[in-house]
Structures are given as C-alpha cells and as structure tokens.
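Below is one structure, written out as structure tokens, with a few remarks after it.
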2 protein chains.
Amino acid sequence: MAEATIRDVARRAKVSVASVSRALNGLNNVRQATRDRVIAAANELGYVPHAGARSLSLSRANALGVVLPDLHGEFFSELVRGMDREASRRGYFLLLSNMHAEGDQAPTALRAMHGRVDGILVMAPHVPPEMLEQALPSTLPALLINAPVEVPTRPSIRIDNEAGAQAAIRHLVGIGCRRILHIAGPEENIDARERAEGYFKAMARYAPGIEPLLFPGNFEEEAGEAAARDMLSDRRGVDGVFAANDMMAIGCLQTLRAAGVQVPDEVAIAGFDDVPMARYLSLTTCRVRIAEIGERAVARLVDRLEGKIERVLNERHQPELVVRGTTAGANSDEMAEHGL
Amino acid sequence: MAEATIRDVARRAKVSVASVSRALNGLNNVRQATRDRVIAAANELGYVPHAGARSLSLSRANALGVVLPDLHGEFFSELVRGMDREASRRGYFLLLSNMHAEGDQAPTALRAMHGRVDGILVMAPHVPPEMLEQALPSTLPALLINAPVEVPTRPSIRIDNEAGAQAAIRHLVGIGCRRILHIAGPEENIDARERAEGYFKAMARYAPGIEPLLFPGNFEEEAGEAAARDMLSDRRGVDGVFAANDMMAIGCLQTLRAAGVQVPDEVAIAGFDDVPMARYLSLTTCRVRIAEIGERAVARLVDRLEGKIERVLNERHQPELVVRGTTAGANSDEMAEHGL
DNA sequence: TTGTAAGCGTTATCAA
DNA sequence: TTGATAACGCTTACAA
C-alpha cells in the first residue's frame, strides 16, 4: 500500500484536510472532538506527514547543510558529533555533503542544497575566499568554519591558531628550550599558516635573538618522521619541537624515541589539536575542542535562522595548552608558575 | 531578492515553464535555440532548481537517511565517511540523525525522515528487533547495520564477530596461551554477545578442557583497566587476554605494563576493531573495515532503490586478524604458519 | 469551528 | 517542438 496522505486521514475522519492539518499541528481553533477523530484516523492509517511537502509549503526545511572537505578521522567525527548534538536539540536535521579537496565540487554541492536546507555550515580551509563567496548561494544563510580569511559579510568561527602556537612556544621556552623547530603544515591551509605565524611571533617574543627553524610538512605523520630523521642526521642544537598538528608531532616523537633520543630530556615536543592518541602518548598539545566548535556553529546558524541577531560576526575558538609528558621537564611546573 | 524560480526563467526566456524544465533537464524534445535561450536566462538569473519541489514532483529525494546511535569517535567517522563516499558517487545526499541510545528517539527520528529520503540506513545494535521493526516505516526501504538479529524481511549487513573471535583465540592458542581471559562488552550489545560466543566456541575447539574465564566489561577503557587490576591481584594463571574491543584491550595493556607485567611474554593481548591507536600501541586485533561497511551499506540500498534486486539479504563483513606486538611472541610467526 | 481553494516550485501528461 | 495544466502533499488565508 502506498503511504497514507493527509487526504486519506481527512476522508477517514470525515473532515477537511485543513482540519487535519490544524488538528495534527496543535492549532487551537479546532474542537476537541474533531481533533480526537483526526488523531484516531491518523493512527489507524499509520499516517506520517510528508516532510518534503511540508517544507515546500512552509518554505522551511528544518535542515542544515553541512559541507566539509575530506577530514581526518577524529576531526570529522567530533565536528559532526557536535553539530548533530546541537542540531537535534534545536530540531534540525543535518544534510551532509563531503566535498573532496580538489575539483569544483564545492559549487555543485552547495547548489544541490538549495531547497532542502535552511542554512549551511561550510568548512573550507583550502578554498580561496573569492571562489567561496561566489559559490555560496547569496540567499542561503551560511556560517563559515575555518575559512581562509574572515569574509567580512559572512559570520564565521575559527580556531585561534596564533594564540595556541604562542602558548606552546611560551611553554617550551619556559621549560628551558631555546632552539625550537617548527614542523609546519601545508601552505595552502590557513590553520597551518597561522600556527607558523604564531610560532614566529612567539619566538621573537619569548626567545629573542634565537633564529626560528622551519621544517615543511603536510599534517601527515610521515612529515613528522621526516623531520625527526633530519634532526637525527644534523641536530643543529634543536632542543624543542612544535609541530603544527599532533600527527606530525607523533611521527616525530616515535622516530626520535626509536633512535634513542630522550624525550623530553634531550628534545621536548608539543603538537596541536589534542587528538585522542595524544593522551596515550602523553603528548603536550594545544587542545581544540572540535565538538564544541560544531555545536557553536550550529547554534549560531540556527539563531540567525530564527531571527536572533548576532553581536559577534567572527568568533575565535581558544585552544587550551595541555601539558603532558613530552614536555614535562623536571622543573617545568615551577617555571610555568613563575610566568615563563 | 528572493531566489529565482522556474517561472522567472520562463518569463525571461519567453517560453513556458515546461520548456524550461525540459531544456534544463536535458530532454531532447526541445529545439537547440530554445535550450540556449533558457540556459542563458537561467544563468543570468542565477537560477538554482529547488530540490524540495523537485523531489515532491518526482517523488524521490535523492537522499538517504542515516540513523545512528551515539558512536565512539573512529567508528562514527569511518562509517559516515564510507557512506558519504559511496553516496556522493551515486548522487545521493546523506541525512544524518543520531539517536541517543536511551529514549524512544528511534521512532521519532525515523518518522521525521518520511518525505525527505528515499531509503534509510539504520544502525541499532541495542534496539530490540520487534521495536525496530515497528518503528521502521513499512514503505521506506531500509538497510540494517548490526541489528541485534537478522530481521528476516530486512536486508542487513553485520560484522562476523564469531569468526573474528575465533581467529583471535586460535592465534593466542597458537602462540602458546592457554588460560585466556575474555573481557566482554555490554550484554545488550549484539557484537559483544557474538564475540563472547565466538570466544567460548573457540576455547572449546582450540583449548579443549581449559575453562573459559570471563570478565564483564562495557567497551570502555576503564573496564580493561579493571580487568588488569583484577589479574594483578589474582593472576589465576592467565597468560592471554582477548578483549571484546580495542579500547578495553588498551586499558588492560597499559595497566599491566605499568605494573611491570611483560606483554606479550607473560600475558599476550588481543583486541577487536583495529582503531587507529591499535597500530601505535602495537596491539594485535581483529580489523573491522568500518568505512567499507558504510560503503557497502549505501551501495546495497541504492541498488535496491534503483530496482536492482539483491541476491544476498544478510551480508557478513569478515574481520581480519592483524598480528602485532602484543601477541608477537618469539616463535609466533612460525607457529602461525604451521596452522596453529 | 470548519471547509474551500490558492499557493509552495517542480515535473509530466496531453493537446495543439 | 511547444504550452496549459494537473499533479506531488502540505499549510493557510478567506469564507462560511
């Protein structure tokens, strides 16, 4: 049998479709007896309202589009988990569309969302802003997550990468590191660029006169391994490593340890993100509460959809330095307490 | 300005809406000149078809509903990643709805999908089958992932937990373990139950006469730690551990090692899942290719939606034993090669 | 309090 | 090859 429609219910309850709609949506201009009849009929028929038709009529879909690049494990799930949590709290569905980093999939994915979502959450750390601006349907409210730059006209939420990097360097210097190497992320990635920027600024500030050392990476574990091998062949006096993300920090850590280098005694290591593995390897890192970012993103978008005006347009998520074994030198706590 | 509709395009191109629809959808019964005019007009107006209206008219939404419980990190993202990959390949969107383990959210979530998706993928390892069957809209094609039992009328995809458990035990016995402890998962979880079942069967088969040892757990790391503490206080001759998932295996491993127990020499440990961390900790485990399950699930559902009949109704995903350091005894490879 | 009917933005049928 | 027009399933004026 085909699914029952509102007309079937109306027929069965011997009322008009309008009354069915009113009764089922809890409007008060309907007699109790009528409402009861309608509800009974709906139950008997196993009637479920057709969300598509409903949203066409109401011109709102109660769904949010989520456009993400190919993300690495934890980052993806945490982000979506946070979004989902807040979305279901607010009564919205999430419509997912991964766009693969390359290609011109972004515009396509965004267009296809028109008419099925009320707003979109876009994460595109690699897409140039003008391309993004062009691809975004002008009428569809959007919130940008980690966009390469703050598009002035679009609300956004970003990680405060510089603050995180500064905290990490400050801490490394605080436990006595001087020649600190930065394993950088991919150049086209805004987070990577900002973390490097934070590194340079922090070095100038906390370790003035000491020349910064950069090793180019790509956020993959192998890059950290490569950096470690490089150090093993020519140490250049490096006594600290700040990697642009945890995976590279982990690669570096494992390779150094395997070669017999004492961490943190000879070389201290800090990462960025606080992936679950960081805790197991006791890696010092800048914690990014990804789920929280997802929640905030949804909350802000829904607020806007529901007419609440925003005070802040561009929000920054503050990472939190988590000190663990890879930097926990003998007297680190004490030194940290003394402000450096 | 409001979004342009098909009527605006029609007006601008001086044709009927029917022609616009035909032209834009690539039907061939439209003159080239007309098509050009329509396309030009559409571009000028920045016209994007309204997916909701389209799907109402076509009575198909090009979207799949995904109903998942609260999953732990890697499992969730891998599953969704696999689904998304296949879905975008096939031209479908994913509509996400986490249902939280408790509550009667399942029926609600499922109902709300009516009219916005063409089929649903449901994962509900904890929901009793009759409740599930009742909640599933009878007209909406569904594919069950890890359902508690194979509902005969519903296609499903499951992990072959028994096979995985048997392989693990066989391997442990093969490297010389005899008194093997099983750290079980939650009782209401079908995977956990099947893994325990596999453990019992395999013990009877590969270590006949040796009494099985069970420690109740809940898939959380802490349960593994508790099991380890239990062993530390009373070893009972345990020389092998098979945990129902990696997290518990990891908890056990860390706690034993911290207490100075040599793994694998004194106690060998194997888990289940092959979470990313397993590789770092060199944990032997049964690999479940989660993304692959997601892909298969989408592929099968879409096939069905598109009229391809299925030969297999209930499919089992075969885990693969991955031997690593926590069981790699001196002569394990050799013994494994000799078939035991 | 109820019913009739006009939308919402498409596609598809049927004539022309 | 085109255009009117009736669906699709719902909500909501407007009338009664």
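These values consider heavy atoms only, across backbone and side chains, with no hydrogens, waters or symmetry-generated copies. Sequence lines set the chain letters: A, B, ... in the order given, protein chains first and strands last, and positions in each chain run from 1.
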*Determine, step by step, whether B:N189 and B:F219 satisfy the side chain to side chain contact (heavy atoms under 4.5 Å, CB included) criterion, reporting the C-alpha distance in whole Å, the side-chain angles of both residues, the deciding distance to 0.1 Å, and the verdict.*
CA-CA 10 Å; B:N189 184 291; B:F219 279 166; 3.8 Å; yes
*Taking atom types as modelled, is there a side-chain donor on A:R54 or A:N25 under 3.5 Å from an acceptor on the other?*
yes
_I need the CG-P distance between A:L27 and D:dT11, as an integer number of Å._
9 Å
*Which nucleotide sits closest to the side chain of A:S16: D:dT2, C:dG3, C:dT2?*
C:dG3
_On the nucleotide D:dT1, are OP1 or OP2 found under 4.0 Å from the side-chain N or O atoms that B:T34 carries?_
no
*Out of A:N43, A:V15, A:I6, which residue meets the side-chain contact (heavy atoms from CB on, under 4.5 Å) rule with A:V38?*
A:V15
*So, are A:R296 and A:D303 salt-bridged, with charged N and O less than 4.0 Å apart?*
no
*Where does the angle between the aromatic ring planes of B:H114 and A:H50 fall among parallel (under 30°), tilted (30 to 60°) and perpendicular (over 60°)?*
perpendicular
_Between A:N98 and B:L94, is there a side-chain heavy-atom distance shorter than 4.5 Å?_
no
Enumerate all atom pairs, one protein N or O and one N or O from nucleotides 8-10 of chain D, separated by less than 3.5 Å.
from   : atom 1 : to    : atom 2 : distance (Å)
D:dC8  : O2     : B:S57 : N      : 3.3
D:dG9  : N2     : A:A53 : O      : 3.2
D:dC10 : OP1    : A:Y47 : OH     : 2.6
D:dC10 : OP1    : A:H50 : N      : 3.0
D:dC10 : OP2    : A:I6  : N      : 2.4
D:dC10 : O2     : A:S57 : OG     : 3.3

*When all nucleic acid strands are considered with a 4.0 Å heavy-atom cut-off, which category describes B:S55: base, sugar-phosphate, or nothing?*
nothing
*Terminal helix-axis angle for the helix from C:dT1-D:dA16 to C:dA16-D:dT1, with five pairs defining each axis and rounding to 10 degrees*: 50°
*Starting at atom CG of B:N29, determine the distance to atom P of C:dC14, rounded to an integer number of angstrom.*
15 Å
*Thinking salt bridges, do A:D8 and A:R11 make one under a 4.0 Å N-O criterion?*
yes
*Rounded to the Å, how far apart are A:N62 CG and D:dT11 P?*
12 Å
*asked:* Measure CZ/B:R37 against C1'/D:dT1 and give the value in whole Å, please.
replied: 12 Å
_Options D:dT12, D:dG3, D:dT1, nucleotide nearest the side-chain atoms of B:R31_ = D:dT1
*Those residues that, when tested against A:E44, pass side chain to side chain donor-acceptor pair (under 3.5 Å) (two or more places apart)*: A:R12
*Of all the choices, D:dT2, C:dT2, D:dA4, which nucleotide is nearest to the side chain of A:V30 once you look at every atom?*
C:dT2
_Please determine whether a side-chain nitrogen of the Lys or Arg among A:R304 and A:D118 lies less than 4.0 Å from a carboxylate oxygen of the Asp or Glu._
no
*Taking CZ from A:R116 and C1' from C:dT10, how many angstroms apart are they, rounded to a whole number?*
13 Å
*Just how far, in rounded Å, is C1' of D:dT2 from CG of B:L24?*
16 Å
*Please report, rounded to the nearest Å, how far the P atom of C:dC14 is from the CZ atom of B:R22.*
14 Å
